[in-house]
Undergrad: 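Below is the structure I would like to discuss, written out as structure tokens.
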Amino acid sequence: MRKKIVAGNWKMNKVFSEAETLITEIADALDEVELINTEVVLCPPALYLEMATDVAYESNFKVGAQNVYPADSGAFTGEISPLMLKALNVSYCIIGHSERRKYFKESHDFLLQKIDALLKHDIRPIFCCGELLPERESNQHFAVVKKQVEESLFHLGVDAFSKVVVAYEPVWAIGTGVNASKEQAQEMHAYIRQLIAGKYDVETAENTTILYGGSCNGKNALELFSQPDVDGGLIGGASLKAEEFMQIVSSL
Ligand code: 13P
């Protein structure tokens, strides 16, 4: 049975003391719940990864990074390597987020390199894909997502692919307060699963965790997560408050 995941993408938010408070609040709340076949992943800014993995060591969540550079070491000023993440016990890393595609012009090929670099060190990529509003309005959303998935993931062999988590994040839903409807989410998740089955096999597709992201919150999580192909969420704004984040976790 595929794993359910709720991951919090904190993006560029919180100073250290606030981050510490939020992590501690979530860790304490997680102590009170039983997670069955479910993983909670917190992705704070890189500066807080060490603090987060220290707390996670005695708690019930895993830690993810928001970015990585695809080399083990070298002259790449300002960047962080997968080797460094691994040494801190980071388990996941978000790749291909629309904000990185947009502001940092990350290409399909660069994302492919990041995926390979992470898998080499046994860090699970959370690979984001999703269309812009004009792409949906012109009925290109399936083609856009297909290309993103094919170009950055489908070079992988089946064993490597089985480590990947996919996150469908329609760009028009990110930070807008307008989430995809449960029907829109289900339709795209089923489509992605079908792509995976076509490239690999049905078992691999059935075992792939596909998360929904984009204005997912305490109010709509239950409805979105009730869809058969929605295996949890990648949460932005609503992951910055412990109570609401825990409400989302308990919607799984
Ligand atoms: P919001 O939940 O703030 O819309 O952000 C979603 C997201 O980008 C998670 O990666």
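When a ligand or atom number is given, it counts from 1 through the structure's own listing order.
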Undergrad: What is the closest protein heavy atom to atom 3 (O) of ligand 1, and at what distance does it sit?
TA: Gly237 N, 2.8 Å
Undergrad: Give the residue and atom name of whichever protein heavy atom lies nearest to atom 5 (O) of ligand 1, and the separation in Å to one decimal.
TA: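 Answer for atom 5 (O) of ligand 1: Lys11 NZ, 3.3 Å.
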Undergrad: Give the atoms of ligand 1, by number and element, whose distance to some non-hydrogen atom of Gly214 is under 4.0 Å.
TA: 4 (O), 6 (C)
Undergrad: His189 vs Tyr212 aromatic rings, parallel, tilted or perpendicular, using cut-offs 30° and 60°?
TA: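 Ring orientation, 0 to 90° scale: tilted.
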Undergrad: Would you say NZ of Lys146 has more than 12 non-hydrogen atoms from neighbouring residues, nucleotides or ligands within 6.0 angstrom?
TA: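 Not buried by this count: 12 neighbours or fewer within 6.0 Å.
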Undergrad: Mark yes when over 12 heavy atoms from residues, nucleotides or ligands other than Glu18 sit less than 6.0 Å from its CD; otherwise mark no.
TA: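 It does: Glu18 CD has more than 12 such atoms within range.
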Undergrad: Is the shortest N/O to N/O distance between Gly236 and ligand 1 below 3.5 Å?
TA: yes
Undergrad: Would you say Ala173 contacts ligand 1, with heavy atoms under 4.0 Å as the rule?
TA: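 So Ala173 counts as touching ligand 1.
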Undergrad: Just by distance, with hydrogens left out, do Thr204 and Asp201 show a side-chain donor and acceptor under 3.5 Å apart?
TA: yes
Undergrad: Would you say Ser215 and ligand 1 have an N/O pair spaced under 3.5 Å apart?
TA: yes
Undergrad: I need the minimum non-hydrogen distance between Arg2 and Asp231, along with the two atoms involved.
TA: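 Closest pair (atom of Arg2, atom of Asp231, distance): NE-OD1, 2.7 Å.
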Undergrad: Quick one: nearest non-hydrogen protein atom to atom 7 (C) of ligand 1, plus distance?
TA: Glu169 OE2, 3.2 Å
Undergrad: Checking Gln148 side chain against His108 main chain: does a donor-acceptor pair fall under 3.5 Å?
TA: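 Looks like no, no N/O pair under 3.5 Å.
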Undergrad: Looking only at heavy atoms, is any part of Cys128 under 4.0 Å from ligand 1, and if so is it the side chain, the backbone, or both, or is it neither?
TA: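 Answer for Cys128: neither.
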Undergrad: Let me know which of Leu156, Val166, Val165, Leu119 forms a side-chain contact (heavy atoms from CB on, under 4.5 Å) with Pro125.
TA: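 Of the listed residues Leu156, Val166, Val165, Leu119, the side-chain contact (heavy atoms from CB on, under 4.5 Å) partner of Pro125 is Leu119.
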Undergrad: Identify, by atom number and element, the atoms of ligand 1 in contact range of His97, meaning under 4.0 Å from any of its heavy atoms.
TA: 7 (C), 8 (O), 9 (C), 10 (O)
Undergrad: How does Leu234 reach ligand 1, by side chain, by backbone, by both or by neither, if only non-hydrogen atoms under 4.0 Å count?
TA: both
Undergrad: Taking both backbone and side-chain atoms of Glu99, is any N or O found less than 3.5 Å from an N or O belonging to ligand 1?
TA: no
Undergrad: Is the shortest distance from a heavy atom of Gly175 to ligand 1 less than 4.0 Å?
TA: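 For ligand 1, residue contact (heavy atoms, under 4.0 Å) with Gly175 is present.
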Undergrad: State which residue, out of Asp28, Leu30, Thr24, fulfils the side-chain contact (heavy atoms from CB on, under 4.5 Å) condition with Ile26.
TA: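 Of the listed residues Asp28, Leu30, Thr24, the side-chain contact (heavy atoms from CB on, under 4.5 Å) partner of Ile26 is Leu30.
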